[in-house]
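Keep in mind the model is a prediction, meaning the values are calculated, not measured. Only heavy atoms go into these numbers, but all of them, side chains included; no hydrogens, no water, no symmetry mates.
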Amino acid sequence: MTGLGQIGSLRRRLLLGALGLIVAALVVAGLAIGLILARFVRGQIESRLDAQIVSLVSGLEPGQPLRLSRDLDAPPFDRPGSGWTWQVRRGAASLGSASLAGRDLALPQVPQAGDDRPRPADGIGPRGEALILRVLDLPDGTMVAASAPRAALWGPLREAGLALAASLGVLGLCLAAGAVAQVRLGLKPLDRLRRELEAVRAGQRERVPASQPAEVRPLAAEINALLNENAAQLAQARTHVANLAHGLKTPLATLSLALSEPGRDPDGRLAHLVASLDRGVRHHLRRARSAALTGATRTRTELVGPVMDLAAALERLHAEKGVRVACTVPPGLAAACDPQDLDEMLGNLIDNACAWCARAVRVSAEDSGSDVIVSIEDDGPGLGPEALAAVAQRGKRLDETVPGHGFGLAITTELAELYGGGLELDRSAMGGLRARLRLPG
């Protein structure tokens, strides 16, 4: 099974990869530094032992018996049990440090190196403790050895290791915080692109901005190309739907008018078939247009501009009546609707109110959550209960139910339903008709 579920979070993968590399690098660095410290401390101990051996060789008196010209039991070779010891052995005779307390070192047989430099060896002290041993064989058969306890190596290494581990831990935390910040900063353009795509889908913008980082710019270009293609297909689909609507509705309307003449359809059977055919055509056209309107490039149109423009135009159109259209539409309130369809719906409703009002029309709008409600009210005669009930019946046109009133309301209802909204008619507080147009926000 492959796919996004198997890939998981890109942020998590980047963080885990960065943290894994940081941990591996710190472990390798800790081991390398530990080895370097161990070599350094051991080198210091061996240098001190070699210096003690050189002092012992220079302090040996020539001839017999085996004797030193001066006391070489400087600290820490003077403390019994310290592990810092020296011993000079020639045959059965031997000299030792005060730290040996009269005991002998177990000196191993060290191969001759052919030079006068001490050689390393591992030895065991008088009490069985592990020692770091340096041995020098002189040409006259004298063996000079000096030792240090292994604790002298591991003690400093332990202290340095603790400090090193703390330092590497702090460094690891800083690197991890830097990796988190880097991943967040690096993925920020993708979060911004997601928000911009959400704005496109919500209709707040038409395209994704082209000003993107170099790595995201090709993706934004492909998204915009896809949006352009979808917009072109949407426009083409709407054009075909409009052409089909005009091509079918006009012959049906003509046939309906012809059948309404006296004697053409005595029993009304043909008129019923034509009405059924008209409803079927409207139904399938509504579905086709709805599929075109609910694409990925839905447009959001602010209401205040179209309402003010239509109000001014219709006041001039009905100037002989002295109609005044009052508009109370909040700025910024928008509907997810095509501008042309919005103009057609609002134009039908406001024109209908202006035609039937006495003198006043009021247009208001409010946000009801996911929808926008536009109310158009007038102070005219309004509709009676029978007319309102007839309008509520599906398949009925208002201009067919109440002659002369509400021209274009059927078109407005169809358009609103295409967008998932609707149109409701009731009595207005002004005395006339109130049309409540509900559209998605």
Could you give the side-chain donor-acceptor pairs of residues 149-177 under 3.5 Å, partners two or more places apart or in another chain?
from, atom 1, to, atom 2, distance (Å)
R150, NH2, D122, OD1, 2.8
S167, OG, A163, O, 2.9

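- Listed for the N352 side chain is no donor-acceptor partner under 3.5 Å among the backbone atoms of N348.
- To the nearest 0.5 Å, the span separating CG on D50 from CZ on R119 amounts to 11.0 Å.
- When side chains are defined from C-beta on, L423 counts as touching L349, because their heavy atoms get closer than 4.5 Å.
- For P75, the side chain to side chain contact (heavy atoms under 4.5 Å, CB included) partners at least two apart in sequence or on another chain are D78, R79.
- D379 places a side-chain N or O within 3.5 Å of a backbone atom of A358 that can act as its donor or acceptor partner.
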Using residues 209-218 as the side-chain source, report each donor-acceptor pair under 3.5 Å to any protein atom, sequence neighbours left out, with the distance given to one decimal.
from, atom 1, to, atom 2, distance (Å)
Q212, NE2, E196, OE1, 2.9
Q212, NE2, P209, O, 3.0
R217, NE, Q212, O, 3.3
R217, NH2, Q212, O, 3.0

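- Not counting sequence neighbours, the partners of N228 by the side-chain hydrogen bond (donor to acceptor under 3.5 Å, both in side chains) test are R207.
- Take D367 and apply the side-chain hydrogen bond (donor to acceptor under 3.5 Å, both in side chains) test, not counting sequence neighbours, and it matches no residue.
- A side-chain donor from one of T85 and S147 sits under 3.5 Å from a side-chain acceptor of the other.
- Counting heavy-atom neighbours within 6.0 Å of E366 CD, excluding the residue itself, gives a total above 12.
- Judged as a side-chain hydrogen bond (donor to acceptor under 3.5 Å, both in side chains), and not counting sequence neighbours, Q52 has no contacts.
- With sequence neighbours excluded, no residue forms a side chain to side chain contact (heavy atoms under 4.5 Å, CB included) with E222.
- Remark: W86 pairs with D73 by the side-chain hydrogen bond (donor to acceptor under 3.5 Å, both in side chains) rule, at least two apart or across chains.
- Every salt bridge (charged side-chain N to carboxylate O under 4.0 Å, His left out) that R11 has, sequence neighbours left out, goes to D191.
- Screening residues 304-330 for side chain to side chain donor-acceptor pair (under 3.5 Å), with sequence neighbours left out, gives H318-D351.
- Residue pairs meeting the side chain to side chain donor-acceptor pair (under 3.5 Å) criterion with at least one partner in residues 429-441, sequence neighbours excluded, are D426-R434.
- Here the side chain of R134 pairs a donor or acceptor atom with the backbone of P118 at under 3.5 angstrom.
- Atoms CD1 and CG, from I350 and L314 in turn, are 6.5 Å apart once rounded to the nearest 0.5 Å.
- Every residue was checked against the salt bridge (charged side-chain N to carboxylate O under 4.0 Å, His left out) condition with R39, not counting sequence neighbours, and none meets it.
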